Amino acid sequence: MSYKAGWIHFTNVAPILDSLVLPPGVTAITGVPTQMNAALLSGQVDIANISAVEFIRNADVLEALPDFSVAVLGPVYSVNLFHTRPLEDLRRVALTAQSAMSVALLEVLLRERGLNPVLERAEGEAEALLAQGFDGVLRIGDSALREWYGVVGPLTPETTMTGLPHAARDITVTDLAEEWFRLTGHPFTFAVWAYRKDNPPPPELVQAMREARRDGIGHLADVAERHARKLGLPERVVQHYLWNFRYHLEAPDRLGLHEFAAKAVPGHAPLTFGPRPGEERTRSTAAD
Ligand SMILES: C=C(O[C@@H]1C=C(C(=O)O)C=C[C@H]1O)C(=O)O
């Protein structure tokens, strides 16, 4: 057996991936969301945690694991629009090329408010791009988390008592997942674990992922400590960040996913999910 995985290895998936032991015959590469989306769609990998919007756009050929997600109810802290004018007055927004999901989410949120700023691809740190004439900058992942903290930190006991802040100096950080929550009252599902319908993952891989997740969530403080050091952020910030994620694609996360699908990709093919835990097909049955 030879099966290839593609992992977006942002800190937010560390509780699933850090202690994952790949079964024999399974190999993995890592990259940013747009790279993993492309790797799955081109057949370079067989399974990947991809931007949920790409799963929706390709729902005719892709299926997702029924119990894995990167989702949040409320703020996420790492999918951020940094801006220097109110949302209503934005003229030029820089978009990171790393992300498909947050771009699609931003488009939905702007449309809902009847706003129409120019959206351009541009890489770089938020503050640098703001200094270059953009009045909004969309950032995701570890760098967005670090840059959010760069704007609002350091946190004092007083700031955390009143919730984590979103603005400082002349920069506002609009958390797109929080905006989604305000709009819908539902979680936002950023990523699912998808594969082509005719090429499901070996049950041993899914089993190993479930065990790794159980271990990661059970030792969240250790995961946070390790990653806080790598990110150069306070441990309690990373602990709060990780504790906040919903990793099991539960009913509310699916509701959020379907709601987003209807808004962002009208007319998409029905979303399909693989067998629930304990009901996996065997490889030989899948191949019959
Ligand atoms: C929460 C995040 O979600 C990630 C964002 C993605 C995207 O923007 O396309 C894709 C996968 C997610 O794991 C993040 O990057 O911080």
Side-chain angles (χ1 to χ4, degrees), residues 5-18 20 28 30-41 45 47-58 62 64-65 68-82 93-109 119 121 123 125-126 137-150 164 173-181 187-194 209 213 216 224 227 230-231 233 237-238 240-249 253 256-257 260-261 264-265:
W7 304 141
I8 300 169
H9 206 330
F10 285 158
T11 300
N12 58 49
V13 274
I16 300 175
L17 294 182
D18 274 12
L20 178 62
T30 59
V32 299
T34 41
Q35 290 169 332
M36 292 305 102
N37 299 343
L40 180 66
L41 290 168
V45 300
I47 185 169
N49 50 330
I50 62 167
S51 309
V53 70
E54 289 299 339
F55 168 59
I56 298 163
R57 287 180 184 139
N58 297 284
L62 297 180
L65 291 179
F68 277 87
S69 54
V70 175
V72 287
L73 178 66
V76 61
Y77 305 105
S78 60
V79 179
N80 294 325
L81 183 68
F82 295 83
V93 175
L95 305 178
T96 166
Q98 293 188 352
S99 166
M101 193 63 204
S102 61
V103 171
L105 174 56
L106 180 64
E107 285 170 348
V108 165
L109 295 171
L119 305 178
R121 293 277 178 189
E123 273 330 299
E125 294 196 352
V137 180
L138 180 63
R139 302 277 286 158
I140 65 161
D142 294 353
S143 41
L145 178 68
R146 238 191 269 111
E147 289 168 32
W148 161 74
Y149 192 74
L164 299 182
V173 187
T174 292
D175 184 313
L176 297 197
E178 189 169 17
E179 286 299 305
W180 172 259
F181 174 70
F188 193 79
T189 300
F190 283 96
V192 294
W193 269 252
M209 287 169 58
R213 177 178 57 192
H227 286 270
K230 274 196 210 158
L231 291 166
L233 289 172
V237 169
V238 179
H240 179 90
Y241 175 63
L242 292 180
W243 159 89
N244 190 41
F245 282 100
R246 302 171 53 87
Y247 291 119
H248 294 80
L249 193 61
D253 310 309
L257 182 66
F260 178 76
V265 193

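Whatever order the structure lists ligands and atoms in, that order sets their numbers, starting from 1. The structure displayed is predicted, hence computed values, not measured ones. Note that these values count all heavy atoms, side chains included, but never hydrogens, waters or copies made by symmetry.
When ring centroids are compared, H227 and Y241 stay outside the 6.0 Å threshold. Aromatic pair F181/F188: centroids not less than 6.0 angstrom apart.
Results of the ring-ring contact (aromatic ring centres under 6.0 Å, His included) test with F68 over Y247, W7, W193 single out W193 as the only residue that passes.
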Next on the checklist: Checking L65 against I47 for the side chain to side chain contact (heavy atoms under 4.5 Å, CB included) test, could you report, in this order, the C-alpha distance in whole Å, the side-chain angles of both residues, the deciding distance, and whether it holds?
Outcome noted: CA-CA 10 Å; L65 291 179; I47 185 169; 4.2 Å; yes

Extract all N/O-N/O pairs under 3.5 Å that connect ligand 1 to the protein, and present each with both atom names and the distance rounded to 0.1 Å.
residue: ligand 1; atom: 8 (O); partner: S99; partner atom: OG; Å: 2.5
residue: ligand 1; atom: 8 (O); partner: S102; partner atom: N; Å: 3.3
residue: ligand 1; atom: 9 (O); partner: S51; partner atom: OG; Å: 2.7
residue: ligand 1; atom: 9 (O); partner: S99; partner atom: OG; Å: 3.4
residue: ligand 1; atom: 9 (O); partner: A100; partner atom: N; Å: 3.1
residue: ligand 1; atom: 9 (O); partner: M101; partner atom: N; Å: 2.9
residue: ligand 1; atom: 15 (O); partner: G141; partner atom: N; Å: 3.2
residue: ligand 1; atom: 16 (O); partner: N12; partner atom: ND2; Å: 3.3
residue: ligand 1; atom: 16 (O); partner: S78; partner atom: O; Å: 3.2
residue: ligand 1; atom: 16 (O); partner: S78; partner atom: OG; Å: 2.5
residue: ligand 1; atom: 16 (O); partner: G141; partner atom: N; Å: 3.2

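Atom CD of E125 sits in a sparse spot, with 12 or fewer heavy atoms from other residues, nucleotides or ligands closer than 6.0 Å.
Judged by distance alone, with hydrogens and angles left aside, the side-chain atoms of S51 form no donor-acceptor pair with the main-chain N or O of E54 at under 3.5 Å.
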